[in-house]
Colleague: 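One structure, pasted below without further comment.
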Amino acid sequence: AQSVTQPDIHITVSEGASLELRCNYSYGATPYLFWYVQSPGQGLQLLLKYFSGDTLVQGIKGFEAEFKRSQSSFNLRKPSVHWSDAAEYFCAVVPYTGTASKLTFGTGTRLQVTL
Amino acid sequence: DSGVTQTPKHLITATGQRVTLRCSPRSGDLSVYWYQQSLDQGLQFLIQYYNGEERAKGNILERFSAQQFPDLHSELNLSSLELGDSALYFCASSLSPKYEQYFGPGTRLTVT
């Protein structure tokens, strides 16, 4: 069955430290890949997306993600975390083929930033 | 601000009642999607419309229905509400099904 896995439910990092959030997917072919962020009481904001091409994609707020086909992974990274990055992060995928494009989300990773 | 608007922001109602959630997509977007976010189920896709036509259905209950109007806004109707329907309901829109989705702020539904 198609699935998205975010193995880390909760991560705590110090402000200024680097960050990597893991995402693995299980699909028959390479899907479209996304990272969204949700602050408490807020909607989902698109951080970045991967459709094809360069496997290292840059997003907003200093985030980047790397697509690794061999590992079926799309991990999110940030070199230096700010306190305002504390939020919940969701990896999501859309099947590459077909006109229907429902997002399948991982269970999310809650990021806590200590000062 | 994503450009997707949802009303109302909060909704409190009783079991057995019916409610309507409204979504206006970003200017120019033809696709509208509805998602439900709950603690036990996480983020779940409900239904998708493209230019007025239903394109995909997810785990949407028969008590729930939706439509997209000619002006492209969409409504999600939830009827015979149960306690378990309490959740955040998000609307998202995209230019077409092949593009990224932008989410609205959500409607928090509380069924008492």
Side-chain angles (χ1 to χ4, degrees), chain A residues 1-10 23 25 29-53 57-61 63 65 67 74 87-110, chain B residues 1-7 9-10 21 23-26 29-60 66 87-108 110:
Chain A
Q2 300 171 337
S3 65
V4 180
T5 302
Q6 292 182 249
D8 304 305
I9 296 173
H10 187 213
C23 173
Y25 65 89
T30 300
Y32 293 160
L33 298 155
F34 307 86
W35 275 98
Y36 286 86
V37 60
Q38 184 178 26
S39 298
Q42 302 296 315
L44 292 144
Q45 183 180 24
L46 178 66
L47 284 176
L48 45 76
K49 62 186 185 243
Y50 174 78
F51 287 171
S52 64
V57 293
Q58 302 296 320
I60 62 172
K61 303 186 179 187
F63 285 93
F67 167 62
F74 188 56
E88 186 140 25
Y89 291 79
F90 293 93
C91 180
V93 303
V94 166
Y96 180 74
T97 59
T99 57
S101 54
K102 60 178 185 178
L103 283 166
T104 298
F105 286 89
T107 51
T109 297
R110 182 167 298 279
Chain B
D1 185 356
S2 67
V4 179
T5 60
Q6 290 187 249
T7 56
K9 193 173 178 61
H10 301 279
L21 313 183
C23 167
S24 293
R26 295 186 317 158
D29 284 358
L30 299 178
S31 273
V32 169
Y33 313 77
W34 287 96
Y35 293 85
Q36 179 194 59
Q37 185 178 34
S38 62
L39 283 175
D40 54 344
Q41 297 291 324
L43 274 157
Q44 299 279 326
F45 167 77
L46 295 178
I47 197 164
Q48 176 202 1
Y49 282 84
Y50 177 70
N51 204 19
E53 294 184 2
E54 182 184 304
R55 280 298 180 91
K57 261 186 174 179
N59 298 322
I60 188 167
L88 255 176
Y89 291 85
F90 287 110
C91 169
S93 74
S94 67
L95 180 62
S96 83
K98 291 293 190 181
Y99 288 82
E100 64 272 19
Q101 297 175 31
Y102 293 88
F103 281 73
T107 294
R108 181 170 293 281
T110 302

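Throughout, protein chains are lettered first and strands after them, A, B, ... in sequence-line order, and every chain is numbered starting at 1. Only heavy atoms go into these numbers, but all of them, side chains included; no hydrogens, no water, no symmetry mates. Computed from a predicted model, the values in this text were never measured in an experiment.
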Colleague: For A:Gln38, is it the side chain, the backbone, both or neither that has a heavy atom under 4.5 Å from a heavy atom of chain B?
Modeller: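 Answer is side chain: those atoms of A:Gln38 sit under 4.5 Å from chain B.
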
Colleague: Looking at the rings of A:Phe63 and A:Tyr89, which for Trp means the six-membered one, are their centres under 6.0 Å apart?
Modeller: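 Yes, close enough.
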
Colleague: So for B:Gln44, is it side chain, backbone, both, or neither that comes closer than 4.5 Å to the heavy atoms of chain A?
Modeller: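 When you check distances to chain A, no heavy atom of B:Gln44 falls under 4.5 Å.
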
Colleague: At a heavy-atom separation under 4.5 Å, does A:Leu44 approach chain B through its side chain, its backbone, both, or neither?
Modeller: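 A:Leu44 touches chain B through backbone and side-chain heavy atoms alike.
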
Colleague: Tell me if the centroids of the rings in A:Phe34 and A:Phe51 come within less than 6.0 Å of each other.
Modeller: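 Yes, close enough.
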
Colleague: Against chain A, work out which of B:Lys57, B:Arg108, B:Gln101 has the most heavy-atom pairs shorter than 4.5 Å and name it.
Modeller: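 The candidate making the most pairs under 4.5 Å is B:Gln101.
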
Colleague: Indicate, with yes or no, if the rings of A:Tyr36 and A:Phe90 have centres closer together than 6.0 Å.
Modeller: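 They do not qualify: ring centres at least 6.0 Å apart.
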
Colleague: Examine B:Arg26 relative to B:Tyr102 and say whether NZ or CZ is less than 6.0 Å from the centre of the six-membered ring and inside a 45° cone about the ring axis.
Modeller: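 Yes, B:Arg26 sits over the ring of B:Tyr102.
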
Colleague: Please check if the distance between the ring centroids of B:Tyr35 and B:Phe103 is under 6.0 Å.
Modeller: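 Centroid separation for B:Tyr35 and B:Phe103: below 6.0 Å.
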
Colleague: What part of B:Leu88 lies closer than 4.5 angstrom to a heavy atom of chain A: side chain, backbone, both or neither?
Modeller: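 For B:Leu88, the side chain is the part near chain A, not the backbone.
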
